[in-house]
Amino acid sequence: MTNSKLDPENWDDFRAQAHRLLDTCLKRLENAADFPWVPVPEDIKQSYEISGSETKAEALVERLTHDVLPYHTGNTHPQFFGWVHGTGLASGLLSEMVAATMNSNCGGRDHGATYMERAVIDWTRKVMGLPDTTSGVLVTGTSQATVIALSAARLKTLGAASRKSGNDGAKLVAYAGAGVHTATKNAIELLGFGSDALRLVPDDGPDGMDLSALQDLIAQDRKSGLTPFAIIGTAGSVDRGHFDDLNGLADIAQTLGVWLHVDGAFGAWTRLADDPWHGLTDGIGRVDSMACDFHKWMSVPYDCGLVLIRQEADHRAAFAARPSYLAAQQDGLGAGDPWFCDYGIDLSRGNRALKVWTALELYGQDRFGQAISENCRLAGFMGDLVTAHADMALMAPVLSNVCIFTANASLDKATQSDLNTLIAQRLQIEGKTVFSTTNADGIVCLRAAIVNHRTQNADVQNAISNVHKIAQTLSV
């Protein structure tokens with residue numbers, strides 16, 4: 001007879017296999033430096049096709065160990081510098097195991113995860129210097145957080161009736177620096193404004209958005225009958241690690257009566273760092289809303305982002321809508337107001353707070369601050385190594401954790417671009433170092449974004465040494 005239940009038939013056997021897999025996962029994290037990114041072989045890709053038939057636990061664990069674990073993004077490796085990818089924590093094994101066991105729906109109701117999420121939000125708003133009127137909700141990441149924040153900004157500008165009538169002919173426009181993340185453009189498009197409604201303000205060098213140009217654009221748009229509804233500042237641009245002058249933006253937003261949102265996906269966490277990096281986000285406590293990711297510089301398992309909105313009433317007004325079957329109760333499981341489904345677009349939500357809470361309880365916030373400061377120091381160290389090489393050259397100032405350089409500045413721009421691209425690809429395929437590439441001064445350059453708490457001086461030295469060796473070989 002076929003077993004129609006979805007629990008293991010033999011819990012003792014399942015327990016033994018689970019322990020075996022847990023030990024394998026612990027060894028992988030303990031020896032992360034031994035496991036770089038590797039391409040997925042064709043036969044492994046084909047093996048992922050779902051047969052639909054039942055598999056024994058022992059056989060499944062074998063497949064997870066040999067066909068799944070080796071083929072990761074590579075971001076757990078200490079020489080993964082390519083993109084701002086969080087690097088994972090051992091605490092995640094504990095939190096994800098408990099979260100899977102609890103299987104909580106965190107859209108609302110009266111249970112532990114609800115109070116834990118409130119604690120995570122409250123801790124973060126204090127770190128960022130926001131008032132106790134601030135509300136928030138954990139989301140998939142900054143992309144979703146930006147949609148939520150700009151939805152609240154739209155409602156604040158147009159009034160509560162706009163939830164029913166829409167923009168009703170109002171021509172809303174928003175402003176951001178030229179290096180703003182594509183998440184902002186996507187949010188503007190999703191909200192129905194069209195990307196033309198996003199004004200890209202020129203950057204004032206490494207100091208971020210040109211504040212004079214911003215004020216001129218706002219004045220011109222108002223004169224043309226448009227309605228400025230949001231300024232989007234950047235705390236840590238993904239491309240170059242630039243930070244807008246948040247106090248300057250806050251002064252303008254306050255004077256002109258425009259909502260100020262800040263994309264702090266990874267850079268907001270410099271609030272935990274030592275000086276001079278701590279000062280990069282001075283003024284972030286003055287924003288109307290902000291977005292940040294725990295799964296980047298805080299290293300918790302994917303996915304886990306957060307939106308904070310200065311005034312809870314603005315946040316709730318944009319999203320609260322409870323059908324009768326979700327009506328609040330005074331007591332019982334249906335109590336626990338406020339529910340997080342009233343502050344975002346998800347009704348069913350996973351237990352994201354647990355992995356943040358577990359990490360902060362295990363390591364403490366000071367250790368995160370030390371790791372972030374060390375990453376910034378290592379980016380500066382990489383910059384020093386680059387300038388020490390006769391052929392290499394920095395292509396942008398190292399302000400925080402991002403280092404952009406070219407492997408051989410003596411070549412023409414096209415040849416430099418080809419060389420840097422080949423170096424990035426070869427190092428990835430050889431399982432040594434992961435750089436990404438970006439464009440600076442018309443040259444495709446090598447780019448390192450250091451957010452890995454496992455990275456040390458030797459990793460940076462090896463990376464630059466490998467670049468130099470390959471550059472010499474390919475330049476001959």
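Since this is a predicted model, take the numbers as computed values, not measurements. We use all heavy atoms of the structure for the numbers below, so side chains are in, but hydrogens, waters and symmetry mates are not.
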Do NZ/NE/NH1/NH2 and the carboxylate oxygens of [X] and [Y] come within less than 4.0 Å?
| X | Y | result |
| --- | --- | --- |
| K27 | E30 | no |
| K432 | E430 | yes |
| R20 | D23 | no |
| D13 | K56 | no |
| D282 | R271 | yes |
| R352 | D303 | yes |

Between [X] and [Y], is any side-chain donor less than 3.5 angstrom from a side-chain acceptor?
| X | Y | result |
| --- | --- | --- |
| N75 | W83 | no |
| Q472 | N408 | no |
| R286 | N247 | yes |
| N401 | R377 | no |
| T142 | D293 | yes |
| N420 | T406 | yes |
| R310 | T134 | no |
| H261 | S289 | yes |

R118 NZ/CZ over Y115 ring centroid, <6.0 Å and within 45° of normal: yes
Step-by-step ring-ring contact (aromatic ring centres under 6.0 Å, His included) determination, H72 to F35: CA-CA 9 Å; H72 51 91; F35 300 102; 7.4 Å; no
Closest approach of [X] and [Y], non-hydrogen atoms and distance?
| X | Y | answer |
| --- | --- | --- |
| C445 | F405 | CB-O, 3.4 Å |
| N351 | A99 | CB-CB, 4.5 Å |
| D263 | H181 | OD2-CB, 3.6 Å |
| A471 | I423 | CB-CD1, 3.9 Å |

Option passing side chain to side chain donor-acceptor pair (under 3.5 Å) with T433 (candidates Q428, R426, Q79): Q79
Aromatic ring pairing W123/W269, orientation class (parallel under 30°, perpendicular over 60°, tilted between): parallel
Parallel, tilted or perpendicular: ring planes of F14 versus W11, cut at 30 and 60 degrees: perpendicular
